[in-house]
Q: 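Handing you a structure now.
Please read these numbers as outputs of a predicted model, since none were measured by experiment. Convention: sequence-line order gives letters A, B, ...; per-chain numbering from 1.
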Amino acid sequence: MPLDVLVEAVLFYKATPQKVTSLQKLFGVEDGDEWRAALDRLQSRLQSGATRLIITDTELSLTTAPELGEFIETLRKSELKGDIGKAGAETLAIILYREPITRAEIDRIRGVNSSFIIRNLLVKGLISREATGNTFQFRITPELLAHLGVSKKAELPRFSEFMNAIDSFSTTPTETV
Amino acid sequence: MPLDVLVEAVLFYKATPQKVTSLQKLFGVEDGDEWRAALDRLQSRLQSGATRLIITDTELSLTTAPELGEFIETLRKSELKGDIGKAGAETLAIILYREPITRAEIDRIRGVNSSFIIRNLLVKGLISREATGNTFQFRITPELLAHLGVSKKAELPRFSEFMNAIDSFSTTPTETV
Amino acid sequence: MAPTKSAFSIKTEHFEGPLELLIELVEKRKLLINNISLASVTDEYITHVSDMQEQSLPNTAQFIALAATLLLIKSKSLLPVLELTDEEETSIHDLEDRLRLYQIYRDISGTIVNEFGSRMMYEPEYTPPREPLFLPDDFCTLPALLEAMERTVTNLPKPTVKQVAKVRATVSLEEMMDSLRTRIEKQIKTSFFKLKQEEAEHKNVIVGFLAILELFKQGNLIITQISKFEDIEIEVDKAATPRYY
């Protein structure tokens, strides 16, 4: 069975985002060309159907296509949406373009303590955290991309333009306000 | 959106067999050529992937391909193996002390999204789920209660201390995202 | 440069952080981020912060800290002969950079607000398995669950009472301005070097100095600096007629 079909099978069966590393381990594949080619094949094969593959740095997930969003909404009993607010969107913007990132770095960019906002984003499943040493690093989740209607973050409007603009600041001094 | 894609979307999203008559009603289609053509299209499109359309006289469903049967069985067994982990134990403890409890409340107490952990606890028969209105509530299964030897909630160690800690946290205004 | 009417209209708005307020003021005037634009919004910024101070809003300390840098920028623009230390130059440069970076993230967050939830991609609905299983492990004992509960309760977020105390401990801009005014009036003539010696904390020197600048701007002081590296002499202008350097 081709790798792309096997990956699809796991994602379909589990029906929830899966860690890239555990999938690679399951199939005995390295994080290389073979893996990326399989994801590419899966992504393009799904294109003509109802499902889409969401890819983050660490996770994969199978969801309905963004064009079907309104239709699926009519099938749902409960409302899911809700607003994320200014501070939430700002924090997500930073994590999207700078993941993995610590809270201290987020605080520095925003110039304000972000612990409440981060907790709320974690509760909503829009970001995840991983322990590295004695601090946490934050990443985006497939759920966040699902809310934004894109399969990869590079598909976000003006992604590379914003990325370039941010990169030009990568040597910013570390003094705090 | 073509009819075959819409049918696939419902079957994928609902993840359970759907009545043919209610699908036809949903799409305003008669049980005729158009309907059969859509199912044919869906069936042949899925052929190259991991899922198959199952058609009975009264129901449609989406399943993994029969060739993947053995593979899926190993997946199922491995997910039953591993232990629930620290995060699983925390979630289980919260449910034990606070049942019946919604996922939103569990998430709020833990400060992270618990959906994956809750699924794992459900699969292992440690908790059960019941629908109340638009949401679900979770309880410890009678089997686990018996296993723990708990007959009355108030007899749980430090019951009121933990309840107070969580209650006072619940009334603390937390900023919304 | 007196606060305009529009300065009061933004006062009611809630700003979570100082950069958010600052960028709002700069963008409102359709300005680019540089020392000229920052100097021009300083008054309005300070009006807002003193208003926050009155309401004892959280995070005010952070707003005041940034106000010190802003006032530094403004004083340099009012008093070009003013020599800034390397540290001060750096903090000004940093502020501009951080503000520009923050502005990019603000633009991104605008697109996120637009996209969020508008084209949702849905995971399948979850249906619990039907076959009845019961697979308890080592975590499924009362002692293990008790330990897990302890951990959970310990990790609950603490209420944010401490922040209020932090705000109180910080020097307020007005306090500094007032004490300076009386001191200057008493001494008639003082110098910045003297002020600097009297203030142990560098931050207070900045705030104190800028308070003087503020008085100067309002026309209540005469400031003289003989040459670039000389001391700055300050005296109260009894006639209180505006005099500019």
Q: Above 12 or not: heavy atoms from other molecules or residues under 6.0 Å from CD of Glu130(B)?
A: yes
Q: Take atom CG in Asn164(A); do more than 12 heavy atoms of anything else shown fall under 6.0 Å from it?
A: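 Yes, the 6.0 Å shell around CG holds more than 12 heavy atoms from other groups.
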Q: So which atom in Ala9(A) and which in Ala50(B) form the shortest heavy-atom distance, rounded to 0.1 Å?
A: N-CB, 3.5 Å
Q: Counting only heavy atoms not in Phe159(B), do more than 12 sit closer than 6.0 Å to its CZ atom?
A: yes
Q: With a 4.5 angstrom heavy-atom cut-off, is it the side chain or the backbone of Arg110(B) that approaches chain A, or both, or neither?
A: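 For Arg110(B), backbone heavy atoms alone lie under 4.5 Å from chain A.
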Q: So how far is it from Arg76(A) CZ to Lys14(B) NZ, rounded to the nearest 0.5 Å?
A: 9.5 Å
Q: Can you give me the closest heavy-atom contact between Arg45(A) and Ser48(B), atom names plus distance?
A: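 Result for this residue pair: CD-OG, 3.4 Å.
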Q: Given heavy-atom pairs under 4.5 angstrom as the criterion, report whether the side chain, backbone, both or neither of Leu6(A) touches chain B.
A: both
Q: State whether the number of non-hydrogen atoms from other residues, nucleotides or ligands found under 6.0 Å of Lys19(A) atom NZ is greater than 12.
A: no
Q: With a 4.5 Å limit on heavy-atom distance, are the side chains of Leu26(A) and Leu75(B) in contact?
A: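 A side-chain contact exists here, since the closest heavy-atom pair is under 4.5 Å.
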Q: Name the region of Val7(B), side chain, backbone, both or neither, that has any atom closer than 4.5 Å to a heavy atom of chain A.
A: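 No part of it gets close to chain A.
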Q: Tell me the residues of residues 54-71 of chain B whose non-hydrogen atoms fall below 4.5 Å from those of chain A, in number order.
A: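 Checking residues 54-71 of chain B against chain A gives Leu62(B), Thr63(B), Thr64(B), Glu67(B), Leu68(B), Phe71(B).
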Q: Among Leu122(A), Asn120(A), Val123(A), exactly one meets side-chain contact (heavy atoms from CB on, under 4.5 Å) together with Asp107(B). Which residue is that?
A: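 In the set Leu122(A), Asn120(A), Val123(A), the residue that makes a side-chain contact (heavy atoms from CB on, under 4.5 Å) with Asp107(B) is Val123(A).
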